[in-house]
2 protein chains.
Amino acid sequence: MLMEIIRRNTDYGVRALVYIAANSGNIVSAKDISDQMEIPIEFLQKILQKFVRIGLVNSYRGAHGGFSLAKDPSEVSVLEIVEALQGKLSMNKCLLGKDGCPRAPQCPLKNNWINMEQKLIDFMNGITLQDLVDQYKANA
Amino acid sequence: MLMEIIRRNTDYGVRALVYIAANSGNIVSAKDISDQMEIPIEFLQKILQKFVRIGLVNSYRGAHGGFSLAKDPSEVSVLEIVEALQGKLSMNKCLLGKDGCPRAPQCPLKNNWINMEQKLIDFMNGITLQDLVDQYKANA
DNA sequence: TCTATTGTGGACTAAAATAATCTTAAATCA
DNA sequence: TGATTTAAGATTATTTTAGTCCACAATAGA
């Protein structure tokens with residue numbers, strides 16, 4: 001049994017973004033990304049569509065269409081990517097106002113969950129897509 | 001959409017342990033815990049059984065049976081509890097040897113995932129059941 | 001010893017989340 | 001026009017998580 005934080009979804013998504021960023025200047029198609037990064041194409045398309053909707057990537061339809069980054073990679077945090085695909089990071093639903101736990105005021109765990117949440121957020125905020133691209137190129 | 005780290009399972013489990021620890025000296029039944037902490041009893045029993053198997057709680061069968069802590073609460077980390085119920089914490093399955101990603105050596109993400117994983121582990125290791133009990137009593 | 005009570009273990013079912021696929025349409029280029 | 005490529009919605013499949021059920025074993029107390 002394994003407690004995974006990052007899902008396959010996100011793994012695909014990050015790799016796709018690294019590929020797009022590493023080829024900046026060109027428009028790359030979903031097919032390219034799929035072939036190069038070994039990601040099932042239909043699933044990849046869904047992931048890319050999400051990135052387009054939040055304004056992280058530009059898309060171009062038609063022949064020779066594809067995708068390019070809409071932001072500078074150094075302005076894109078890992079947190080932004082992860083939350084785009086896995087939802088807002090929250091240690092525990094019970095902390096939220098809506099659907100929140102009625103027991104929250106006396107909750108012995110609340111503050112600890114909040115602290116943990118913040119650590120993760122800070123850390124993921126501190127890593128940018130540019131950092132990942134640099135590592136990718138260094139290993140190529 | 002929400003990316004939760006702590007599952008309901010674990011929320012129940014931690015609350016059960018806090019209750020058991022707060023009543024140390026007494027044996028408390030699953031029924032007691034269920035009533036006081038508002039946890040579905042059958043599910044709670046499954047959770048408690050896991051704690052028993054890993055030697056975290058003692059169980060006593062028969063009339064007036066129930067559960068007690070097997071360790072000093074200051075020796076029980078939150079990580080230990082979370083991993084007992086959600087499995088070993090791993091940022092991403094692709095890091096593991098078995099089922100590991102063949103692309104791992106060039107992976108631009110690997111080191112970042114490892115660092116993040118370690119931060120979470122350190123943090124959860126630093127909080128003990130005793131800390132939670134103290135907060136619980138302070139709020140009671 | 002008998003009976004209530006309480007935990008154990010395994011099988012089972014239900015619900016939700018995640019992953020993946022399919023289909024039709026719309027845009028664009030040559 | 002025809003090939004290519006993204007968009008969007010519906011649908012299905014798979015996996016994980018949550019929850020339930022039941023027969024059994026142990027124990028306390030009458």
Side-chain angles (χ1 to χ4, degrees), chain A residues 1-13 15-16 20 26-35 38-68 70 82-88 90 92-94 99, chain B residues 1-13 15-16 20 26-35 38-68 70 82-88 90 92-94 99:
Chain A
M1 191 180 43
L2 206 62
M3 172 192 175
E4 273 190 291
I5 309 289
I6 300 299
R7 297 197 299 256
R8 193 179 310 182
N9 205 12
T10 303
D11 191 55
Y12 288 164
R15 278 160 48 204
I20 294 171
N26 301 315
I27 289 174
V28 295
S29 70
K31 179 82 169 50
D32 283 346
I33 303 171
S34 166
D35 288 346
E38 301 175 69
I39 303 172
I41 188 159
E42 290 101 337
F43 197 20
L44 174 63
Q45 282 170 331
K46 288 302 174 195
I47 293 170
L48 291 170
Q49 283 174 25
K50 285 190 182 175
F51 289 150
V52 171
R53 276 192 224 108
I54 64 171
L56 186 51
V57 280
N58 297 126
S59 67
Y60 309 90
R61 291 185 177 196
H64 310 117
F67 303 87
S68 69
V82 171
E83 289 197 334
L85 298 175
Q86 300 193 182
K88 184 162 169 43
S90 163
N92 191 311
K93 187 158 17 195
C94 68
D99 292 333
Chain B
M1 191 181 41
L2 206 62
M3 172 192 176
E4 273 190 291
I5 309 288
I6 299 299
R7 296 199 298 256
R8 194 179 308 186
N9 204 13
T10 304
D11 191 55
Y12 288 165
R15 278 160 49 202
I20 295 172
N26 301 315
I27 289 174
V28 295
S29 69
K31 180 82 171 48
D32 282 347
I33 303 172
S34 166
D35 287 346
E38 302 174 71
I39 303 171
I41 188 160
E42 291 102 336
F43 197 21
L44 174 63
Q45 282 170 330
K46 289 303 175 196
I47 294 169
L48 291 169
Q49 283 173 26
K50 286 191 181 174
F51 289 150
V52 171
R53 277 191 222 108
I54 64 171
L56 186 52
V57 289
N58 297 127
S59 68
Y60 308 90
R61 292 187 177 194
H64 309 119
F67 302 88
S68 69
V82 170
E83 289 197 335
L85 298 176
Q86 300 193 183
K88 183 160 169 43
S90 164
N92 190 312
K93 186 156 21 195
C94 67
D99 292 332

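Since this is a predicted model, take the numbers as computed values, not measurements. Numbers restart at 1 for each chain; the letters A, B, ... are given by sequence-line order, proteins then strands.
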For residues 41-66 of chain B, which side-chain N or O atoms pair as donor and acceptor with protein atoms under 3.5 Å away, sequence neighbours left out?
from	atom 1	to	atom 2	distance (Å)
B:Tyr60	OH	B:Ser68	OG	3.2

### Task
Would you mind pulling out the nucleotide paired to C:dA26, Watson-Crick or G-U wobble, both distances under 3.5 Å?
D:dT5
### Task
Write down the distance between NZ (A:Lys50) and C1' (C:dA19), rounded to a whole number of angstrom.
11 Å
### Query
Can you name the residues that form a side-chain hydrogen bond (donor to acceptor under 3.5 Å, both in side chains) with B:Asn9, not counting sequence neighbours?
none
Quick one: side chains of residues 26-34 of chain A, donor-acceptor pairs under 3.5 Å with protein atoms, not counting sequence neighbours, listed by atom name and distance.
from	atom 1	to	atom 2	distance (Å)
A:Ser29	OG	A:Lys31	N	3.4
A:Ser29	OG	A:Asp32	N	3.1
A:Lys31	NZ	A:Asp35	OD2	2.9
A:Ser34	OG	A:Ile39	O	2.7

## Note on the structure
Hits for side-chain contact (heavy atoms from CB on, under 4.5 Å) against B:Gln86, two or more places apart or cross-chain, chain-then-number order -> A:Met3, B:Ile6, B:Arg7, B:Thr10, B:Val82
### Task
Could you state the atom-to-atom distance from CG of B:Asn9 to P of D:dG19 in whole Å?
9 Å
### Message
A:Glu83: which residues meet the salt bridge (Lys or Arg N to Asp or Glu O under 4.0 Å) condition with it, sequence neighbours left out?
### Response
none
### Task
Determine, for nucleotides 3-16 of chain D in 5'-to-3' order, which nucleotides have protein heavy atoms under 4.0 Å from the base (write B), from only the sugar-phosphate (write S), or from neither (write -).
-BBBBBB-------
### Summary
Rounding to 0.5 Å, atoms CD1 (B:Ile5) and CD (A:Glu4) come to a distance of 11.5 Å
### Task
Measure from CG on A:Leu44 to C1' on C:dT21 and round the result to the nearest Å.
14 Å
### Task
Give none if D:dT27 has no partner; otherwise give the nucleotide forming a Watson-Crick or G-U wobble pair with it, both distances under 3.5 Å.
none
Tabulate atom names and distances for all N/O pairs under 3.5 angstrom spanning the protein and nucleotides 14-16 of chain C.
none

### C:dA4 glycosidic torsion: syn (within 90° of 0) vs anti
syn
### Query
Between C:dT21 atom C1' and A:Ile39 atom CD1, what is the distance in whole Å?
17 Å
### Message
Distance check needed: C:dT6 P versus B:Ile27 CD1, whole Å only.
### Response
12 Å
### Task
In whole angstrom, give the distance that lies between atom CD of B:Glu42 and atom P of D:dA23.
15 Å
### Query
Between C:dT21 atom P and A:Arg8 atom CZ, what is the distance in whole Å?
10 Å
### Message
In whole Å, I'd like the distance from the CG atom of A:Asn58 to the P atom of C:dA27.
### Response
17 Å
